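Lettering follows sequence order; numbering is per chain, from 1. These values consider heavy atoms only, across backbone and side chains, with no hydrogens, waters or symmetry-generated copies. Small disclaimer: the values here were computed from a predicted structure and weren't measured.
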Amino acid sequence: MQERYEAGVVERAAQDYWDAQGSFEAREDPNRAKYYCLSMFPYPSGRLHMGHVRNYTIGDVLARFMRMQGLNVLQPMGWDAFGLPAENAAIANGVPPATWTRENIAYMRRQLRSLGFAIDWTRELATCDPSYYRWNQWLFLRMLERGIAYKKTGVVNWDPVDQTVLANEQVIDGRGWRTGAPVEKREIPMYYLRITDYAEELLEALDQLPGWPERVRVMQANWIGRSEGVELAFPYAEDTRALLGSEGTLNVFTTRADTLYGVTFMAISAEHPLAAAAAAGNSALAAFVEQCRHGSTMEADVASAEKRGMATGLHVRHPLSGQNVAIWVANYVLMAYGGGAVMGVPAHDERDFAFAQRYGIAIRTVVASSHGAYETVGSSWQPEYGEHGVLIDSGEFSGLRSSAAVDAIAAVLAGKGLGRKRVQWRLRDWGISRQRYWGCPIPLIHCPRCGEVAVPDEQLPVVLPEHLVPDGSGNPLARLSEFVNCECPRCRGPARRETDTMDTFVDSSWYFLRYTCTDQDRAPLDERARYWLPVDQYIGGIEHAILHLLYSRFWTRVVRDLQLLPLSEPFANLLTQGMVLNQIYYRTLADGRRQYLNPADVEPQFDASGARVGAVSLKDDAPVEYGGLGTMSKSKNNGVDPQTLVEKYGADTARLFTMFAAPPEQSLEWSDEGVQGQYRFLRRLWKAVYDHVGEDNLPRLDLRSLAGESAPSEAGRTLRRAAHQTLAKVTADISRRRTFNTAIAAVMELLNAVGHYQERGEVPHAVRHEALEIAVLVLSPIVPHICHSLWFALGHTTAIIDERWPEPDSQALAQSLVELVVQVNGKLRARLQLPVGAARERALDAALADPRVQRFVAGKAVRKAIHVPDKLLNLVV
RNA sequence: GCGAAAGUGGCGGAAUGGUAGACGCGCUGGCCUUAGGAGCCAGUGGGGCAACCCGUGAGAGUUCGAGUCUCUCCUUUCGCACCA
């Protein structure tokens with residue numbers, strides 16, 4: 001064993017060993033319990049960032065820990081390889097997205113390997129490989145057959161200069177990212193997946209996911225958004241019938257059917273068909289409708305916009321009173337929710353109130369506060385106006401409480417065929433068509449005679465040509481005649497191939513199923529999926545809390561309903577790791593712009609108490625401003641390159657720091673000093689083992705001899721107990737609490753104790769040996785390379801990767817004396833050494849004999865004494 | 001606006017209702033070294049010579065005992081956002 005810890009040498013040796021042994025290749029074994037540990041696969045953007053390192057280290061620690069627990073562990077890795085950045089890179093550099101993507105994958109794979117993750121690389125997949133997306137296409141066709149997939153028109157962002165569809169992220173302040181032209185909305189045919197059919201199930205099953213963070217479940221529940229209410233039909237009045245030339249009703253959804261008698265207007269979305277019909281003969285209204293269409297599509301902007309509207313001049317009849325109610329077009333009504341129309345009840349809805357006040361519409365109070373807060377709605381909005389209460393001025397329903405009134409009104413309306421109770425969902429169907437090149441082709445053919453025809457299964461996959469270079473205008477696929485022109489599978493006549501590709505969320509909605517059988521070329525899944533699934537632990541960023549996880553839950557249910565896998569919930573446990581933050585440093589330039597300096601080029605300055613007082617640039621020694629903490633980003637120039645870190649300190653230091661600096665779910669603040677501290681710890685660990693094995697080897701610890709003459713000294717017993725307590729704590733911290741930071745801290749304490757005793761020579765060699773073995777074993781999931789070397793150095797001939805996680809020795813944990821904390825009136829006054837299990841009287845006597853205790857008890861009567869055996873005694877005087 | 005989480009030393013962070021500040025960083029002093037951005041030792045919440053006192057965003061409450069539980073408020077972060 002060499003004296004100096006050289007991370008590069010150590011890490012290469014360990015990785016070579018694992019590769020040669022195929023240590024991480026997982027095999028199905030029905031006789032062994034499995035553990036499927038999954039980290040969200042990366043987008044191959046070019047290089048790993050610290051967020052990846054953190055994500056994959058958490059997964060790796062769990063995978064290695066569970067492996068040592070004896071479980072059959074699968075930890076796969078792959079690439080979310082389709083998507084827009086590859087097209088942008090193609091536009092910028094003239095390189096085909098396929099080339100750019102595959103080069104990035106090759107580079108990032110090397111980076112992942114250099115970090116020593118226990119990944120089964122034989123199962124690697126990339127979503128841009130036909131062997132993967134073939135099954136996207138196959139599954140899409142099965143959904144089409146069952147009506148889960150369907151076609152309807154959808155609204156897209158259209159750049160009029162480039163003549164191309166823009167993704168939401170390509171629209172900046174309402175303008176195209178390349179041309180700066182104002183973006184228009186266009187309606188085009190698209191394919192949708194009927195996720196709303198699964199809304200109820202997706203919502204209810206959230207309660208059966210105890211292994212998911214509460215906030216993720218809440219976010220999903222809000223996203224699905226279930227509301228119970230009543231659908232109401234307002235029959236057209238004469239003017240509306242005359243305009244449309246037909247009978248009919250304007251249908252709305254409401255959760256407050258009890259306020260039906262308070263309706264004084266109807267509001268419809270500018271996109272509602274009735275608005276278009278009314279605008280046909282009304283140029284002012286047409287102008288207003290057009291104005292609404294050009295507004296921002298960002299929902300947050302829409303939400304803060306002023307309430308505006310215009311009367312259509314048309315009316316409907318109130319379903320109960322029969323009175324005419326005017327229809328308005330209003331900018332606050334969403335077309336996509338509840339039919340694009342609402343009943344306006346200004347007295348009991350804040351938005352309707354604001355609208356009515358602006359346009360002088362009548363406000364009619366029909367609910368009185370049940371706790372006497374108000375009888376009639378006043379001239380400024382009060383939150384209690386929106387609460388439930390007792391109905392007034394509501395015909396036969398007056399006097400009912402709101403909840404009873406909803407039922408009663410719904411029943412009466414149902415009798416007239418003008419209403420029914422129903423559930424409304426916020427969740428909308430999932431549009432998967434993208435007018436983009438670098439994605440999975442939608443396997444359809446458009447035939448002038450037969451219409452839309454599915455590509456037959458035996459012709460799958462529809463392979464995406466990989467040599468195209470998009471230029472930013474339109475989809476290059478649509479210009480490639482050998483792709484577009486094809487034969488209709490039904491009539492053999494000339495036909496056109498669909499050129500839209502699938503949303504990349506499709507790719508990521510089932511990759512975790514496919515890992516179990518990436519080599520299966522006759523079906524998307526086989527029986528191996530039944531062995532491995534569900535995923536036991538999923539780890540990834542909180543940014544995927546809604547869409548990716550919801551789509552995956554949906555897709556898994558579809559796969560279930562296709563009889564491919566009897567599974568509803570794909571992820572049994574979910575860990576959402578926090579962000580990686582770093583300091584931001586900048587200078588303000590003469591023109592007022594900020595120049596950001598990378599924290600690596602800056603030296604922070606501290607005062608004598610250790611407080612940060614400023615920083616100077618390492619390049620010119622001039623001061624720089626400290627701009628607080630922020631997520632690592634290019635724009636703030638505060639990223640840390642994992643590659644540099646690995647080269648300088650090694651993968652183990654990188655892994656150790658990310659696990660030590662914060663609990664996994666919290667944000668992690670980067671600190672170069674902290675990294676050095678972890679590096680220092682690894683060197684001390686190395687040195688401790690080096691010094692230890694350099695001494696003459698004494699016999700190994702013999703547990704049977706503990707009581708005899710060779711029993712360890714008092715110090716030896718203490719260190720032994722500390723070692724086994726550390727083992728117990730680390731086990732609990734990793735397996736139950738997932739607080740890797742405290743687990744590492746515990747091992748640091750143990751190592752400090754070893755060093756402390758090593759210096760004094762009070763501890764038998766064998767006890768120290770055991771303590772070092774425990775330290776190395778429990779650290780090995782976190783810093784596997786150094787532990788690989790140290791294990792051999794400690795005299796083992798087999799690799800630590802195949803060791804089992806040890807159990808704490810109860811004999812070692814036993815102690816004869818314990819510290820008893822003595823409080824007087826809840827304040828700490830003394831610590832006593834007492835035998836384990838000392839009785840209450842014994843503890844009390846010992847406490848009262850202590851001079852420090854006496855000082856506070858003197859002259860007063862002890863009214864009460866609370867005794868927690870072996871722990872605490874509180875005297876109340 | 002609605003929902004969720006969180007406020008603890010100079011900093012990151014520890015504390016099944018029972019010793020507040022583990023562990024690490026930074027800082028201070030010392031040792032060693034030709035030298036060190038290496039290593040080792042000691043110290044490091046505030047006040048006080050000390051005995052002690054005060055300290056977990058603010059205020060109340062429950063309790064023998066509250067960083068932890070309850071209520072009110074303040075602040076921050078995150079998510080959703082005209083969802084009828």
Nearest-angstrom distance, P atom, G47(B) to G39(B): 31 Å
For P604(A), answer base if it contacts any base atom (sugar-phosphate contacts may also be present), sugar-phosphate if it contacts only those atoms, and nothing otherwise; contact means non-hydrogen atoms under 4.0 Å. nothing
Have a look at R351(A) and say if it touches a base, only the backbone sugar-phosphate, or nothing, with a 4.0 Å heavy-atom cut-off. base
G3(B) -> Watson-Crick or G-U wobble partner, both distances under 3.5 Å, gives C78(B)
Between G3(B), C11(B), C53(B), which nucleotide has the shortest distance from any of its atoms to the side chain of E669(A)? C11(B)
What protein N or O atoms touch nucleotides 63-70 of chain B N or O atoms at under 3.5 angstrom, if any, and at what distances?
| unit_1 | atom_1 | unit_2 | atom_2 | d |
| --- | --- | --- | --- | --- |
| C64(B) | OP1 | K864(A) | NZ | 3.4 |
| C64(B) | O2 | N874(A) | ND2 | 2.5 |

To the nearest Å, give me how far apart CH2 (W670(A)) and C1' (G24(B)) are. 14 Å
C40(B) and G67(B): how far apart are their P atoms, nearest whole angstrom? 36 Å
Please say whether the positively charged group of R683(A), taken as NZ for Lys or CZ for Arg, lies over the ring of Y5(A), i.e. under 6.0 angstrom from the six-membered ring centre and within 45 degrees of the axis. no
Just checking F355(A) against F265(A), ring centres under 6.0 Å apart? yes
Closest to the T255(A) side chain, choosing from A84(B), C82(B), G79(B): A84(B)
Measuring only the P atom in each nucleotide, how far is A6(B) from A15(B)? A whole number of Å is fine. 14 Å
Ion pair check, R226(A) and E200(A), cut-off under 4.0 Å: yes
Whole angstrom is fine here: how far is it from NZ in K827(A) over to P in C52(B)? 13 Å
Scanning all shown strands, the Watson-Crick or wobble mate of C69(B) with both distances under 3.5 Å is G61(B)
Separation between the C1' atoms of G17(B) and U70(B), rounded to whole Å: 13 Å
Considering just the side-chain nitrogens and oxygens of N741(A), establish if one lies under 4.0 Å of OP1 or OP2 belonging to A22(B). no
Verify whether one side chain among E228(A) and T255(A) offers a donor that lies under 3.5 Å from an acceptor in the other. no
May I ask you to evaluate whether S671(A) reaches the phosphate of G24(B), defined as a side-chain N or O under 4.0 Å from OP1 or OP2? no
Rounding to a whole Å, what distance do you find between Y332(A):OH and A81(B):C1'? 17 Å
C54(B) and U75(B), which share atom name P, separated by this distance in whole Å: 30 Å
So what does N752(A) touch, heavy atoms closer than 4.0 Å: a base, only the sugar-phosphate, or nothing? sugar-phosphate
Scan V333(A) against the nucleic acid and name what it touches under 4.0 Å (heavy atoms): base, sugar-phosphate only, or nothing. base
Give the nucleotide from the list G39(B), A14(B), C83(B) with an atom nearest to the side chain of Q666(A). A14(B)
Would you kindly give the CZ-to-P distance between R428(A) and C80(B), to the nearest whole Å? 13 Å
Taking atom P of G37(B) as reference, at what distance in whole Å does atom NZ of K648(A) sit? 14 Å
Taking side chain as C-beta onward, heavy atoms only, is L206(A) less than 4.5 Å from R553(A)? yes
Rounded distance in Å between the C1' positions of G55(B) and C32(B): 39 Å
Checking all strands, does G677(A) fall into the base, sugar-phosphate, or nothing category for heavy-atom contacts under 4.0 angstrom? sugar-phosphate
Is the distance from OP1 or OP2 of G39(B) to the nearest side-chain N or O of R683(A) less than 4.0 Å? yes
Quick one: label R829(A) by what it contacts on the DNA or RNA (base, sugar-phosphate, nothing), any heavy atom closer than 4.0 Å. sugar-phosphate
With C1' as the reference atom in both, quote the distance from A20(B) to U56(B) in angstrom, rounded to an integer. 7 Å
Under 4.0 Å between a side-chain N/O of R680(A) and OP1 or OP2 of G26(B), yes or no? yes
Please check the phosphate of C83(B) (OP1 and OP2 only) for any side-chain N or O of R256(A) closer than 4.0 Å. no
Nearest of A51(B), C23(B), A84(B) to any side-chain atom of R855(A)? A51(B)
Calculate the interatomic distance between D672(A) atom CG and G26(B) atom P; express it in whole Å. 11 Å
According to the Watson-Crick and G-U wobble definitions, with both distances under 3.5 Å, which nucleotide is paired to G37(B)? none
What contact category does R736(A) fall into here, base, sugar-phosphate, or nothing, at under 4.0 angstrom with non-hydrogen atoms? nothing
What integer distance in Å separates F660(A):CZ from G24(B):P? 7 Å
C52(B), G24(B), A84(B): which one has an atom nearest the side-chain heavy atoms of Q678(A)? G24(B)
Does the side chain of N752(A) pick up a donor-acceptor pair with the side chain of R684(A) at under 3.5 Å? yes
Assigned glycosidic conformation for G13(B) [threshold 90° from 0]: anti
Residue R426(A), side-chain atoms from C-beta onward, closest of C83(B), G13(B), C40(B): C83(B)
Hey, does R226(A) reach any base, or is it just sugar-phosphate, or nothing, if we go heavy atoms under 4.0 Å? nothing
Using a 4.0 Å heavy-atom cut-off across all strands, classify S667(A) as base, sugar-phosphate, or nothing. sugar-phosphate
Ring centroid separation for Y690(A) and W686(A), is it under 6.0 angstrom? no
Distance flag, aromatic centroids of F740(A) and F660(A), threshold under 6.0 Å: no
With a non-hydrogen cut-off below 4.0 angstrom, is R852(A) in contact with a base, only sugar-phosphate, or nothing? sugar-phosphate
Answer for the Watson-Crick or wobble partner of G26(B), both distances under 3.5 Å, is U44(B)
Is the distance from the ring center of H318(A) to that of Y261(A) below 6.0 Å? yes
Anything under 30° is parallel, anything over 60° is perpendicular, the rest tilted; go ahead and classify W328(A) against Y359(A). tilted
Nucleotide of G79(B), G13(B), G18(B) approaching P663(A) most closely (side-chain heavy atoms): G13(B)
Residue E673(A), side-chain heavy atoms: nucleotide from C80(B), C83(B), C25(B) that is nearest: C25(B)
Rounded interatomic separation in angstrom, taking CD1 from I542(A) and P from A6(B): 13 Å
Below 30° counts as parallel, above 60° as perpendicular, anything between as tilted: where do the rings of W670(A) and F657(A) land? perpendicular
Walking RNA chain B from its 5' end, the first of M748(A) and G338(A) to be reached, judged by nearest nucleotide, is M748(A)
A84(B) - base-pair partner by Watson-Crick or wobble geometry, distances under 3.5 Å: none
Kindly say whether L550(A) contributes a backbone atom to a donor-acceptor pair with the side chain of W223(A) at under 3.5 angstrom? no
For G7(B) and A14(B), measure between their C1' atoms and round to the nearest Å. 16 Å
